[in-house]
Structures are given as C-alpha cells and as structure tokens.
Amino acid sequence: MEKTFIMIKPDGVQRNLVGEIIGRFEKKGFTLKGLKLINVDHAFAEKHYEDLSKKPFFNGLVEYIVSGPVVAMIWEGKNVVLTGRKIIGATNPSDSAPGTIRGDFAVEIGRNVIHGSDSVESAQKEIALWFPDGPVNWQSSLHSWIYE
C-alpha cells in the first residue's frame with residue numbers, strides 16, 4: 001500500500017481543525033500509520049521546504065511553520081498520494097473546490113491549513129524526515145471492508 005505525508009499547519013491546529021481533518025482521511029478509508037504534535041524549529045522547517053529555498057516566499061513559509069505546533073501524519077491506502085491531494089484541494093484556497101479541506105476552511109494561500117506530499121517520491125522523503133523510525137505497523141480490522 002502507498003503512503004503519504006500530511007501535515008496540519010499551525011493555522012489548522014490553532015483553529016481546532018485537527019479532528020475534522022483526520023476524520024476526512026479516516027472516512028475515505030485510509031489508515032493512520034503515524035501521528036505526532038510537534039513544534040518545528042527553523043533548521044527542520046528549512047530542511048522540509050528545501051526544494052522551495054530559492055522561492056521568494058521561502059522565509060515567510062519557514063516563519064509560518066515554526067509559528068506554532070503542527071500535526072505530522074503518515075496515511076496509508078491505495079492511491080493515497082493523489083487522493084490525499086484531492087481531499088486537500090488546490091494550494092491556493094480560492095482555486096479549491098467546496099468539499100476539499102482548503103475549499104472549506106482556507107481563505108489565503110499563506111494560511112492554507114494543510115500540507116500533503118505531491119508525489120510518492122516526496123512522500124517517502126518527507127516520511128523519512130518526519131518519522132525516522134518509520135510508520136506504525138498495523139492493519140485495521142476494516143481493511144477487508146474497504147479493499148477487495
């Protein structure tokens with residue numbers, strides 16, 4: 001099964017959206033394989049967003065991520081990276097459809113509530129960074145009711 005990295009950003013945590021967001025992934029049928037609430041330091045944030053280090057918004061993004069706790073998660077399921085991105089919605093909330101997390105809860109791109117891996121490769125890299133001990137190994141008793 002495929003895995004993805006999902007992070008509820010400081011605005012999502014501060015706005016008490018953690019349960020709602022987890023519920024959306026659970027209701028879809030994905031399995032939670034890792035979860036932690038963490039205050040991110042500058043060096044770690046810079047490492048996470050190193051692929052964006054040349055962008056003009058990089059410093060602001062780092063400051064935003066270190067401004068409060070985040071919830072880091074590993075989710076597992078069939079096509080979880082692509083489907084997770086659909087659940088999240090477009091990066092710019094004004095381009096996000098109603099029913100997506102960003103479409104329902106975000107107004108500005110700089111406060112867009114959530115991060116999700118954009119490819120299987122980036123998911124593997126992000127999971128290794130955020131969860132060096134790897135995912136929790138377990139299978140839900142609902143697995144056979146979700147997957148053929």
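The basis for the numbers below is simple: all heavy atoms, side chains too, and nothing from hydrogens, waters or symmetry mates. Numbers here are sequence positions counted from 1.
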Pairs of donor and acceptor atoms involving the side chains of residues 132-139, under 3.5 Å and at least two apart or interchain, shall be tabulated with distances.
unit_1: W138; atom_1: NE1; unit_2: L32; atom_2: O; d: 2.8
unit_1: Q139; atom_1: NE2; unit_2: H143; atom_2: ND1; d: 3.2
unit_1: Q139; atom_1: NE2; unit_2: H143; atom_2: NE2; d: 3.1

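- Side-chain atoms of S140 come within 3.5 Å of backbone N or O of L142 as a donor-acceptor pair.
- Evaluation of the ring-ring contact (aromatic ring centres under 6.0 Å, His included) rule for F25 yields W75 as partners, not counting sequence neighbours.
- Pairing each heavy atom of V40 with each of F44, the nearest pair is CG1-CD2, 3.7 Å.
- Here the closest non-hydrogen pair linking V71 and M73 is CG1-CG, 3.9 Å.
- Nearest approach of A45 to V66, heavy atoms of both residues: CB-CG1, 3.9 Å.
- Distance CG/L35 to CG/L37: 8.5 Å, rounded to 0.5 Å.
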| request: Please lay out, stage by stage, how T31 and E76 fare under the test side chain to side chain donor-acceptor pair (under 3.5 Å). | output: CA-CA 5 Å; T31 303; E76 181 180 81; 5.1 Å; no
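- Interatomic distance, OG of S144 versus CD of E148, reported as 11.5 Å (0.5 Å rounding).
- Nearest heavy atom pair, residue S96 against residue T100, reads CB-OG1, 3.6 Å.
- Classification of the H115-F5 ring pair by plane angle, with boundaries at 30° and 60°, yields tilted.
- The two residues M7 and I65 come nearest to each other via the heavy atoms CE-CD1, 4.1 Å.
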Please tabulate, for the side chains in residues 77-91, all donor-acceptor contacts under 3.5 angstrom to protein atoms that are two or more places apart in sequence or on a different chain.
unit_1: T83; atom_1: OG1; unit_2: N79; atom_2: O; d: 2.9
unit_1: R85; atom_1: NH1; unit_2: G116; atom_2: O; d: 2.7

Donor-acceptor list for residues 52-62 side chains, cut-off 3.5 Å, not counting sequence neighbours:
unit_1: S53; atom_1: OG; unit_2: E50; atom_2: O; d: 3.0

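- Between the CD atom in E108 and the CG atom in D11 there is a gap of 10.5 Å [rounded to 0.5 Å].
- The two atoms that bring S67 and Y64 nearest to each other are OG-O, 2.6 Å, heavy atoms only.
- Among pairs with a residue in residues 13-23, those fulfilling salt bridge (charged side-chain N to carboxylate O under 4.0 Å, His left out) read E20-R24, at least two apart in sequence or across chains.
- Looking at residues two or more places apart in sequence or on another chain, you find a side chain to side chain donor-acceptor pair (under 3.5 Å) between D118 and S122.
- Using a distance-only test at 3.5 Å, with no hydrogens or angles considered, a donor-acceptor pair links the side chain of D104 to the main chain of G99.
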